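Here is the structure we will look at, set down as structure tokens.
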Amino acid sequence: QVQLVESGGGLVQAGGSLRLSCAASGRTFTSYAMGWFRQAPGKEREFVAGISWSRVETYYADSVKGRLTISRDNAKNTVYLQMNCLKPEDTAVYYCVARFGKVVTGMNYDYWGQGTQVTVSS
């Protein structure tokens, strides 16, 4: 059974930082791209960041470029999202995702985590 388990969410003041982690288990994730989506109240789920299996390619939504950094440790089957200079508009549930092949910005990922809440107060 494949599982993606997020952790690291919480409440932070504007300008602060958080580091999200996602531990993947249940299969071999070789050649799997991984990433993060988020969904704010009343809004559609949106792509935040993605990283290739090789870690050579990373992709970011324009709204988070320069503030959020995605990375992965393939030996640990774990992907991270370092979140700096957080803004109230970053408040959302953050979901970890994985798919075989390349990073895509659409919703067609094979596996999704349950999500972790990030709340940024002004």
Side-chain angles (χ1 to χ4, degrees):
Q1 180 181 358
V2 173
Q3 282 191 311
L4 302 180
V5 180
E6 303 98 336
S7 62
L11 174 64
V12 64
Q13 289 187 331
S17 298
L18 282 174
R19 188 193 195 205
L20 305 185
S21 299
C22 170
S25 62
R27 66 158 300 129
T28 301
F29 286 90
T30 303
S31 298
Y32 272 69
M34 298 190 75
W36 294 89
F37 279 68
R38 68 185 181 186
Q39 188 167 20
K43 295 188 177 181
E44 294 185 351
R45 197 168 295 190
E46 64 177 358
F47 174 83
V48 175
I51 186 167
S52 62
W53 162 255
S54 67
R55 297 174 292 183
V56 170
E57 299 168 326
T58 56
Y59 304 86
Y60 296 94
D62 288 342
S63 60
V64 307
K65 283 181 181 176
R67 300 187 299 116
L68 275 58
T69 303
I70 190 170
S71 61
R72 66 189 292 170
D73 184 337
N74 290 335
K76 296 181 179 180
N77 279 343
T78 301
V79 63
Y80 305 96
L81 187 66
Q82 178 65 43
M83 310 169 70
N84 298 329
C85 301
L86 283 164
K87 304 176 181 179
E89 51 263 45
D90 294 317
T91 295
V93 177
Y94 284 72
Y95 298 91
C96 177
V97 296
R99 73 183 300 273
F100 183 80
K102 296 183 178 181
V103 172
V104 297
T105 58
M107 298 281 285
N108 49 331
Y109 279 78
D110 301 319
Y111 304 108
W112 292 75
Q114 292 298 306
T116 185
Q117 176 70 47
V118 172
T119 302
V120 184
S121 63
S122 57

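No experiment lies behind these values; they were computed from the predicted model shown.
Exactly one of Leu81, Leu68, Val79 qualifies for a side chain to side chain contact (heavy atoms under 4.5 Å, CB included) with Leu20. That residue is Leu81. Partner of Leu11 under the side chain to side chain contact (heavy atoms under 4.5 Å, CB included) criterion, out of Leu18, Thr119, Val118, Thr91: Thr119 alone. Checked against Ser7 for a side chain to side chain contact (heavy atoms under 4.5 Å, CB included), the options Cys22, Ser21, Cys96 give a single hit: Ser21.
Annotation: side chain of Met83 is in contact with side chain of Tyr94 (closest heavy-atom distance under 4.5 Å). When side chains are defined from C-beta on, Leu4 counts as touching Met34, because their heavy atoms get closer than 4.5 Å.
In this structure, Glu44 CD and Met107 CE are separated by 8.5 Å, a value rounded to the nearest 0.5 Å. To the nearest 0.5 Å, atoms CG (Asn84) and CZ (Arg67) are separated by 9.0 Å. One finds the CZ atom of Phe47 at 12.5 Å from the CH2 atom of Trp36 (value rounded to the nearest 0.5 Å).
Side-chain contact annotation: Ser54 with Ser52, donor-acceptor N/O pair under 3.5 Å present. Side-chain N/O atoms of Asp73 and Thr78 include no donor and acceptor closer than 3.5 Å.
Placement of Val97 and Trp53 in two distinct hydrophobic clusters is found when ILVMFWY residues are connected by side-chain heavy-atom separations under 4.5 Å, directly or transitively. Under the 4.5 Å side-chain contact rule for hydrophobic residues, Val104 and Ile70 do not share a cluster. The cluster map of Ile, Leu, Val, Met, Phe, Trp and Tyr, joined by side-chain heavy atoms under 4.5 Å apart, puts Val2 and Val5 in different clusters. Hydrophobic clustering (ILVMFWY, side-chain heavy atoms < 4.5 Å, transitive): Phe29 and Ile51 are in one cluster.
Applying the 6.0 Å contact sphere to CD of Glu89 captures more than 12 heavy atoms from other residues, nucleotides or ligands.
Of all the heavy atoms in Ala14 and Pro88, the pair that sits closest is CB-CD, 4.1 Å. Annotation for Lys65 and Tyr60: closest pair CE-O, 3.5 Å, computed over non-hydrogen atoms. Of all heavy-atom pairs between Ser17 and Gln82, the closest is CB-NE2, 4.1 Å.
Remark: Arg19 is positioned above the aromatic ring of Tyr80, its terminal NZ or CZ atom under 6.0 angstrom from the ring centre and at most 45 degrees off the axis. Under the 6.0 Å distance and 45° angle rule, Arg45 counts as a cation-pi partner of Tyr95.
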Could you walk me through whether Gln3 and Tyr111 pass side chain to side chain contact (heavy atoms under 4.5 Å, CB included), step by step? CA-CA 8 Å; Gln3 282 191 311; Tyr111 304 108; over 6 Å; no
Tell me, with the steps shown, if Arg55 and Ser71 meet side chain to side chain contact (heavy atoms under 4.5 Å, CB included). CA-CA 7 Å; Arg55 297 174 292 183; Ser71 61; over 6 Å; no
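Trp112 has its ring centre less than 6.0 Å from the ring centre of Phe37.
A distance-only check finds no donor-acceptor pair linking the side chain of Glu46 to the backbone of Arg38 [under 3.5 Å].
Using a cut-off of 4.0 Å between Lys/Arg side-chain N and Asp/Glu carboxylate O, Asp90 and Lys87 are scored as not salt-bridged.
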